[in-house]
Number of protein chains: 2
Amino acid sequence: MTRVLVVDDEPQILRALGINLRARRYEVALAGDGGAALRMAASHRPDLVVLDLGLPDMDGVEVIQGLRGWTNVPIIVLSGRAGSQDKVEALDAGADDYVTKPFGIDELLARVRAVTRRAAGVGEEAPVVRIGRHSVDLAAHAVRTDDGGDVRLTPTEWHLLKILVRNPGRLVSQRQLLHDVWGPQYQSETNYLRQYLAQLRRKLEDDPARPRHLLTEPGMGYRFQP
Amino acid sequence: MTRVLVVDDEPQILRALGINLRARRYEVALAGDGGAALRMAASHRPDLVVLDLGLPDMDGVEVIQGLRGWTNVPIIVLSGRAGSQDKVEALDAGADDYVTKPFGIDELLARVRAVTRRAAGVGEEAPVVRIGRHSVDLAAHAVRTDDGGDVRLTPTEWHLLKILVRNPGRLVSQRQLLHDVWGPQYQSETNYLRQYLAQLRRKLEDDPARPRHLLTEPGMGYRFQP
DNA sequence: TCACACCTTGACGACGGCTTGACGCACCCG
DNA sequence: CGGGTGCGTCAAGCCGTCGTCAAGGTGTGA
């Protein structure tokens, strides 16, 4: 189920978009200003953001930059201003699309499908990977041992493992892991990472003391080695 | 260099777009109808297609479907028709964006940047550099030896190597290296550079005593020679 | 209400990277 | 020919980071 965060300061538009999106089987969260948008994006982790530029508390471009600082979730901008300069600024700040009011709901939904289709392509990797004697099935949310048993992971462990596995062989910085799992305000709590990486290694690595797949890059981050 | 295929049946628009895109350092190919567009896409492998829907020989949606049959290159549609139904059809056929004529060239260029920025994430173009028997993958933050082993670099070593590799063949002054890695107040601690360059050569060069890629320019700085 | 699973927080020893100093060598210049 | 400068190398100490253990806190279901 695709999660959408809709940000608009006009309650009736907010409500209308919410109804239309929910009717299309999207999971919808609503925010009325930029601050709420950034907070909800951090806590709710949407797969798509629909953002009105005319917010009371922040400039729309600031909201885009606030999001782009730690996530590359697709952003569709709604705006009453049709000026070329506004569009360029929003798009270059990191927005994926720019729709001028008034717009048809059919068009917006088509653009939602277009950007989510493209963003979904990124996550097309093989959803099952092997770590030691275990096979991790990201799609099924399950870890099976070769002898038939299965390993239980807590939500936080899953979240962390998911990020690492989706970047096979690549270094993932501590900052990014903390951002993605715990939220933007956790940037220095590296003890969380130490704690949960140790748990993942205990559950998945053959020799937790000498990990072969969940590797530490001292001072930089962690890496999943297939 | 990003390759763009522009498809339009009006020669003057074709020419104007070509000039504007080439001025922005895009490599541009032009097609005047749908058939030519599909042929050139196959032979020319563009990174982006800008497609006018009003073509003489084929319906625009057919062109999109013809492309989507074998590639997911980003497609930006240009159209004189502002109808909601046209937009929905084009977007659902696989287009990434839909711009209604008349449009500003600045807006189009911003949309070009937006879709190529997102598509670039999928391509995972890995800038891999070779040093001796090692390949350095800057994106993955990893160094692999040809026999399969991998070399571990400390954060400072990475930082230094990154700067040198990003300026291939060019001399980088000691001052700039110190400034970028250690900070503005370190401008004369050249012993740091000697220390870390020696470590990098030990880890990467085949013969650390006679470096072939990490070269010293006495009195001036260092140079990465690919 | 209790039990349990999960998350958070603190503490501590071990290890390794960073810093710093010293030395030898090659080269340049007076 | 002798002094100076810049570079490469080695060694040692400091300090931050990592892995680990343990305890406290919180929410949920029985």
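In what follows, every chain begins at residue 1, and chains take the letters A, B, ... in the order their sequences are listed.
- Direction of the helix axis in the helix from dT1(C)-dA30(D) to dG30(C)-dC1(D) shifts by 20° between the two five-pair termini, rounded to 10°.
- Gln199(A) comes within 4.0 angstrom of nothing in the nucleic acid, heavy atoms only.
- Computed from coordinates, the Tyr192(A) OH to dG25(D) P distance equals 15 Å when rounded to whole Å.
- Residue Thr216(A) places at least one side-chain N or O under 4.0 Å from the OP1 or OP2 atom of dG19(D).
- Applying side-chain contact (heavy atoms from CB on, under 4.5 Å) to Leu14(A) and the options Asp8(A), Asp52(A), Val50(A) leaves one that passes, Asp8(A).
- In this structure, CD of Glu205(B) is placed 16 Å from C1' of dT9(D), rounded to the nearest angstrom.
- Here the C1' atom of nucleotide dC7(D) and the CD atom of Gln174(B) are 10 Å apart, to the nearest Å.
- Rounded to a whole Å, the CG atom of Leu177(B) is 17 Å from the P atom of dG6(D).
- Taking the six-membered ring where the residue is Trp, Tyr192(A) and Tyr186(A) present tilted rings, their angle falling between 30° and 60°.
- Here the side chains of Ile76(A) and Leu108(A) are in contact, with some heavy-atom distance below 4.5 Å.
- Within 4.0 Å of Glu217(A), counting heavy atoms only, lies no atom of the nucleic acid at all.
- Classification of Arg130(A) and Asp146(A) as a salt-bridged pair holds, one side-chain N sitting under 4.0 Å from a carboxylate O.
- Tyr222(B) comes within contact range of the sugar-phosphate backbone alone, with a heavy-atom separation under 4.0 Å but no base atom that close.
- A salt bridge is defined here as a Lys NZ or Arg NE, NH1 or NH2 lying under 4.0 Å from an Asp or Glu carboxylate O, and Arg113(B) with Asp92(A) meets this definition.
- Without hydrogens or angle criteria, Glu205(A) side chain to Leu214(A) main chain gives a donor-acceptor distance under 3.5 Å.
- Using a 4.0 Å heavy-atom criterion, one finds that Arg210(A) contacts no nucleic acid atom at all.
- The closest donor-acceptor contact from the side chain of Arg175(B) to the backbone of Ser188(B) lies at 3.5 Å or more, if one exists at all.
- Contacts with DNA chain C (heavy atom under 4.0 Å) in residues 150-172 of chain B: Thr154(B), Pro155(B), Thr156(B), listed by number.
- Using a 4.0 Å heavy-atom distance criterion, Glu189(A) is classed as making no nucleic acid contact.
- For the pair Trp182(A) and dT8(C), the criterion of a side-chain N or O lying under 4.0 Å from OP1 or OP2 is met.
- Straight-line distance from the OH atom of Tyr186(B) to the P atom of dT19(C): 6 Å, rounded to whole Å.
- Using a 4.0 Å cut-off, some side-chain N or O of Tyr196(A) falls inside it from OP1 or OP2 of dC7(C).
- The CG-P distance, from Leu197(A) to dT17(D), rounds to 16 Å in whole Å.
- Following rounding to the nearest Å, Leu193(A) (CG) and dC18(D) (P) show an atom-to-atom distance of 9 Å.
- Under the side-chain contact (heavy atoms from CB on, under 4.5 Å) rule, Phe224(A) has a single partner from Asn167(A), Val172(A), Val129(A), Leu215(A), which is Val129(A).
- Not one side-chain nitrogen or oxygen of Arg194(B) sits closer than 4.0 Å to the OP1 or OP2 atom of dG6(D).
- For dG21(C), the OP1/OP2 oxygens have no side-chain nitrogen or oxygen of Gln195(B) closer than 4.0 Å.
- Within the structure, the salt bridge (Lys or Arg N to Asp or Glu O under 4.0 Å) test picks out the following pairs touching residues 55-68 of chain A (sequence neighbours left out): Arg68(A)-Asp96(A).
- For Thr116(B) and Arg111(B), the side-chain atoms include no donor-acceptor pair closer than 3.5 Å.
- To the nearest angstrom, P of dT9(C) lies 12 Å from CG of Leu178(A).
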